Peer 1: 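Take this structure, written in structure tokens, and hold onto it; I'll ask about it next.
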Amino acid sequence: MPLTGSEKSSATSAEAAGAYRPGYEVAAERILEYVVRSGLQPGARLPTEKDLADEVQMSRTVVREAVKILSALGRLSVQKGRGIYVAEPEPPSWQQSVANFLPADLQQVDELFEFRRYLETISANLAAQRARPAQVKAVREAAQQSAQAAEQGDIEAFTAADDAFHIGVATAAGNMFIASTVEAVRRLQRQVATIGLTGVAAGSLTAAAEQHAAIAEAVAAGEPDQAEALMAEHVELTTRQFQQEIWRRVIPGSESAS
């Protein structure tokens with residue numbers, strides 16, 4: 001499938017602006033666009049060098065250089081006698097941290113919530129600036145669902161709505177890295193609740209649901225500072241709840257964490 005007009009424009013925007021770019025850089029960018037556009041996953045085979053040159057509308061010599069660069073960067077894998085493949089990504093250090101996370105370790109849980117506080121306050125701020133109407137609607141609906149679950153004392157339903165709310169806000173922030181990281185952090189928090197705790201007390205759900213509603217309205221109103229402040233309060237509340245529950249189990253009879 002040849003590049004569309006908009007894709008050609010995207011690939012050559014720097015040249016249009018007057019900046020010189022070597023052909024292999026443009027070819028590398030177009031190859032990556034082709035991989036994404038075609039939905040090719042790690043391990044998938046790309047067309048032959050000749051066909052790939054036709055796809056990106058550049059010479060085989062330039063495409064060959066681009067493939068070498070993308071191979072050195074770990075994006076493609078050239079297997080002699082077999083062809084060109086989308087490379088299997090090496091896990092970054094943060095993924096190793098996720099793999100080594102201990103949901104009952106007090107220090108690691110504190111670090112998780114500290115990271116979540118910084119991440120989600122930024123997320124809320126950006127969501128209030130960038131959210132589209134459909135995204136605002138999704139955030140509001142998730143907040144309403146969490147309120148209904150809190151009223152019924154349904155922890156399982158609240159957890160599902162809570163996930164939908166926070167991931168909805170992160171998605172509305174309009175940054176794929178923020179959205180994917182918030183989702184990863186949410187998975188770790190579920191580990192804490194399931195393995196480290198077995199759930200947060202139902203009585204704590206109402207306050208969290210009320211905060212969801214306030215954050216949703218700040219996002220809808222386009223008030224980034226308010227959304228950020230409310231999210232900071234919300235994550236702080238959740239942090240205290242988890243800390244109190246952990247300390248209650250570690251030291252029976254304790255009522256709060258320092």
Side-chain angles (χ1 to χ4, degrees), residues 4-7 9-14 16-17 19 29 32-33 36-37 39 92-95 97-98 110-150 157-190 192 204-242:
T4 65
S6 61
E7 289 161 346
S9 175
S10 173
T12 58
S13 57
E29 182 177 350
L32 292 179
E33 288 177 345
V36 173
R37 187 174 69 249
S93 58
W94 72 268
Q95 286 189 353
S97 298
V98 169
D110 281 345
E111 290 174 359
L112 173 66
F113 279 99
E114 181 179 55
F115 177 61
R116 186 186 159 198
R117 186 181 301 110
Y118 285 110
L119 178 65
E120 294 212 49
T121 52
I122 293 171
S123 171
N125 184 298
L126 292 176
Q129 299 179 57
R130 301 173 177 175
R132 298 191 296 271
Q135 293 171 331
V136 170
K137 180 180 178 182
V139 170
R140 278 175 159 165
E141 288 178 348
Q144 185 176 9
Q145 289 166 3
S146 71
Q148 292 172 349
F158 182 88
T159 300
D162 191 37
D163 280 341
F165 175 80
H166 287 278
I167 293 172
V169 172
T171 300
N175 184 307
M176 67 178 182
F177 298 104
I178 289 177
S180 60
T181 306
V182 166
E183 190 167 0
V185 169
R186 299 291 303 175
R187 287 197 295 270
L188 293 182
Q189 183 172 307
R190 284 197 294 274
V192 176
S204 67
L205 303 183
T206 301
E210 290 173 351
Q211 290 179 331
H212 284 173
I215 294 166
E217 291 312 306
V219 169
E223 299 177 349
D225 291 341
Q226 178 73 350
E228 179 176 336
L230 289 170
M231 182 64 82
E233 290 178 11
H234 178 56
V235 177
E236 183 61 32
L237 171 67
T238 307
T239 302
R240 289 198 306 270
Q241 291 170 350
F242 272 80

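In this text, all values refer to a predicted model and were calculated from it rather than measured experimentally.
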Peer 1: Can you tell me how far apart CG (Leu32) and CZ (Arg37) are? Round to the nearest 0.5 Å.
Peer 2: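 Reported to 0.5 Å precision, the distance equals 11.5 Å.
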Peer 1: Would you check if the side chain of Arg140 reaches a backbone N or O of Ala216 as a donor-acceptor pair within less than 3.5 Å?
Peer 2: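 Here the side-chain-to-backbone pair does not exist.
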Peer 1: Restricting to non-hydrogen atoms, name the atom on Phe158 and the atom on Ala149 that form the minimum distance, rounded to 0.1 Å.
Peer 2: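 Answer, listing the atom of Phe158 first, then Ala149: N-CB, 3.4 Å.
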Peer 1: Working note: Asp110 + Glu114, criterion side chain to side chain contact (heavy atoms under 4.5 Å, CB included); need CA distance, chi angles, decisive distance, verdict.
Peer 2: CA-CA 6 Å; Asp110 281 345; Glu114 181 179 55; over 6 Å; no
Peer 1: Return the minimal non-hydrogen interatomic distance between Val169 and Ala127, and the atom names on each side.
Peer 2: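 Scanning both residues, the minimum pair turns out to be O-CB, 3.5 Å.
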Peer 1: I would like to know whether Gln189 and Phe113 meet side chain to side chain contact (heavy atoms under 4.5 Å, CB included); could you show each step before the answer?
Peer 2: CA-CA 9 Å; Gln189 183 172 307; Phe113 279 99; 3.4 Å; yes
Peer 1: When rounded to the nearest 0.5 angstrom, what is the spacing between NE2 in His234 and CD1 in Ile215?
Peer 2: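 Interatomic distance, His234 NE2 to Ile215 CD1, rounded to 0.5 Å: 5.0 Å.
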Peer 1: Quick one: pull up OG1 in Thr171 and CD1 in Ile178 and give me the separation to the nearest 0.5 Å.
Peer 2: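 Those atoms lie 10.5 Å apart.
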Peer 1: Can you see which heavy atom on Ser146 is nearest to which on His212, and at what distance?
Peer 2: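 Closest approach of Ser146 to His212: OG-ND1, 2.9 Å.
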Peer 1: So does Arg132 have more than 12 non-hydrogen atoms from other groups sitting under 6.0 Å from CZ?
Peer 2: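 Atom CZ in Arg132 is not packed in, count stays at 12 or less.
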Peer 1: Regarding Arg116 and Glu120, does a basic nitrogen lie under 4.0 Å from an acidic carboxylate oxygen?
Peer 2: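 Salt bridge flag = yes for Glu120 with Arg116.
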Peer 1: Considering non-hydrogen atoms only, spot the tightest contact between Ala128 and Ala218 and give its length.
Peer 2: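 In this case the closest contact between Ala128 and Ala218 is CB-O, 4.1 Å.
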Peer 1: Please report the closest heavy-atom contact between Val182 and His166, naming both atoms and the distance.
Peer 2: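 That closest heavy-atom pairing would be CG1-O, 4.0 Å.
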Peer 1: Would you give the length of the straight line joining atom CZ of Arg117 to atom CG of Leu119, rounded to the nearest 0.5 angstrom?
Peer 2: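 Arg117 atom CZ to Leu119 atom CG measures 12.0 Å (nearest 0.5 Å).
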Peer 1: Say you draw a straight line from CG of Leu237 to CD of Gln211; how long is it, rounded to the nearest 0.5 Å?
Peer 2: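 So the CG of Leu237 and the CD of Gln211 are separated by 5.0 Å.
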Peer 1: Report the distance from atom CG of Leu126 to atom CD of Glu228, rounding to the nearest 0.5 Å.
Peer 2: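 One gets 9.0 Å once the value is rounded to the nearest 0.5 Å.
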Peer 1: Show your working on side chain to side chain contact (heavy atoms under 4.5 Å, CB included) between Val235 and Met231 and close with a plain yes or no.
Peer 2: CA-CA 6 Å; Val235 177; Met231 182 64 82; 4.2 Å; yes
Peer 1: Between Ser123 and Ala173, which heavy-atom pair has the shortest distance, and what is it?
Peer 2: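 What the structure gives for the nearest pair is O-CB, 3.6 Å.
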